[in-house]
There are 2 protein chains.
Amino acid sequence: MADPMYRRIAEDLRRQIESGKLAPGSQLLTELELRDEYEASRNTVRDAIKWLITRGLVETRPGQGTFVRLLVIPFVTTLTGEPETASGGEGHTYTQEVTATLRLPESSPPDVGIRPADPVMASELQVGEQTEVISRHQQRLIDGTLWSLQTSYYPMRFVVQGATRLLQATDIVEGTVAYLRESLGLEQAGYRDKIIVRAPDENETRFFKLPDDGRVSVIETRRTAFDDSGTPMRLTVSVYPADRNQFALNVGKVPAEVMDPQSADSPDESAASDTTK
Amino acid sequence: MADPMYRRIAEDLRRQIESGKLAPGSQLLTELELRDEYEASRNTVRDAIKWLITRGLVETRPGQGTFVRLLVIPFVTTLTGEPETASGGEGHTYTQEVTATLRLPESSPPDVGIRPADPVMASELQVGEQTEVISRHQQRLIDGTLWSLQTSYYPMRFVVQGATRLLQATDIVEGTVAYLRESLGLEQAGYRDKIIVRAPDENETRFFKLPDDGRVSVIETRRTAFDDSGTPMRLTVSVYPADRNQFALNVGKVPAEVMDPQSADSPDESAASDTTK
DNA sequence: AACGATTTGTTCGTATGTATC
DNA sequence: TGATACATACGAACAAATCGT
């Protein structure tokens, strides 16, 4: 009896949801009905619902009601190329991976521009802060919903050296890695990724249609690509909503992944967390 | 005047925090004082504070007050070994990496047991569900605070074949990768990592002392290691609180990382999110 | 197109509980 | 122990969104 009332109501509803008694997509009783059901005040019921919202179990729609959230099938992005393959070649893996999972990918036309380097860009590309760099921005959708935002930055010197298509707002179908090799003889020798989980900013919240309470975080990957001399030649910053994306990477000799539509997501309650057994 | 009052109060406080007018660690006015300050009710002020809490900007301490949160220096885990090195050898990289960044690492003694395989374990280790597997669980601390929980699972056949130390609750100092090579002649040829961001469960919330509102998510990595024949030999599930961990990976030929104590964390507001320029 | 019914969202006031110093 | 500060809970009123008539 230690737990506060709103908590007990929330736990009770959570049990009903996780047991399947309340199916995904189904509507909960209204706040007034729950008030009678639990003999609490409407505000207390609302506190319980807020608790469920923060945990991603339900969502409210003004004027309609409260609903059990549908679960989404996460999309997996593989961060490494084929292990035994020569380095590089991660250009057009996106559509490959997506179509392989029978889903419909789209990319917006690139949004190209020149902008001064912020601290992250300057540090990764090893240029001075405020130095102008080329930026190429794209949005990626799967099955019609927004999946990621991606911006690549290149040093300005590439354009001077002849890679003029970097500044054109058209897709470089063969991939910029191949384009830079053909146009400048620049070989991508490897890359370093940094993976960061953080709260979405306002743009991202709007763009991905995330709940505006900052509950869903985004995953930001920063890929710095290097040429053979170890000079950074590209920085690609990608932002993925954490509720519909997963990542994978292969190191060394790894067998092909077996397709199983499981081990996917939330009702996990397993694995490494058995601290208090 | 479109925004609700609690929102306007929250935004105002957010501005003060982000501009540095309210320094990290400093105390906000009390709810009663803020009520007078903004000429709202205490409940409305509390709604504003809740909004700031879910965004990780402030924290409340019962009996004390509301405080601007301190930012923590994230710890970076590199998921790949040295690129040009032969595969394998990721055994004791943990202490290496931590000490390299001048921080104090600790590992709890392993918590060893036998347990039936859950769906994830069964799928990754390619054993039947409910089959018994060996589990070795460890906690990792840095500078005295909890950084990660880790559990490795091995098929039972390894013990029968002679790797009996897997079942002893003592540290295998040379690393289990080396131990399995020495005792069974088993060579780890590669591994596959899956990276998932999800809400913490109750154990994890307690253990990492996370705010109990599920705002901070955890990063779960599942590493499946394979021998030369492509047979899975180990599954390691690690759970990291997302607010103090980052990940990195190197592919191909990559220069040594330059040490710069920047480009770290939250007040980012940069990069790929320029959707609405 | 307008209206009313329903449902969630916001705001207020108030009282009492619990944690900290 | 008392004072202070946040936490929980109740009741009430009106606003805003949605849907069917």
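Side-chain atoms are counted along with the backbone in the values below, which use heavy atoms only and exclude waters and symmetry mates. Within every chain, numbering begins at 1; the chains are lettered A, B, ... in the order of the sequence lines, protein sequences first and strands thereafter.
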B:Q150/B:S238 under side chain to side chain donor-acceptor pair (under 3.5 Å): CA gap, chis, key distance, verdict:
CA-CA 4 Å; B:Q150 187 172 88; B:S238 307; 3.0 Å; yes
Side chain of [X], heavy atoms from C-beta onward: which of [options] has the nearest atom to it?
X: B:P4; options: D:dC19, C:dT10, D:dA5; value: C:dT10
X: B:P62; options: D:dC10, D:dA5, D:dA7; value: D:dA7
X: B:T60; options: D:dC6, D:dC10, C:dT11; value: D:dC6
X: A:N43; options: D:dC19, C:dT7, C:dT11; value: C:dT11
X: B:Q64; options: C:dC21, C:dT8, C:dT11; value: C:dC21
X: B:T44; options: C:dC12, D:dC6, D:dC10; value: C:dC12

Between [N] atom [atom2] and [X] atom [atom1], what is the distance in whole Å?
X: A:R61; N: D:dT18; atom1: CZ; atom2: P; value: 11 Å
X: A:M5; N: D:dA7; atom1: CE; atom2: P; value: 19 Å
X: A:D3; N: D:dA7; atom1: CG; atom2: C1'; value: 13 Å
X: A:I9; N: D:dC10; atom1: CD1; atom2: C1'; value: 12 Å
X: A:R42; N: D:dT8; atom1: CZ; atom2: P; value: 19 Å
X: B:W51; N: C:dT11; atom1: CH2; atom2: C1'; value: 18 Å
X: B:D47; N: D:dC6; atom1: CG; atom2: P; value: 15 Å
X: A:L52; N: C:dT8; atom1: CG; atom2: P; value: 13 Å

Relative to the 5' end of DNA chain D, which residue comes earlier, A:S41 or B:G63, by the nucleotide with the nearest heavy atom?
B:G63
From the list A:R15, A:R7, A:R8, salt bridge (Lys or Arg N to Asp or Glu O under 4.0 Å) with A:E11 holds only for A:R7
Have a look at B:R46 and say if it touches a base, only the backbone sugar-phosphate, or nothing, with a 4.0 Å heavy-atom cut-off.
base
Output yes when at least one side-chain N/O atom of A:T66 is less than 4.0 Å from OP1 or OP2 of C:dT8, else no.
yes
Tested for side-chain contact (heavy atoms from CB on, under 4.5 Å) against A:R223, the lone hit among A:V237, A:L235, A:L79 is A:L79
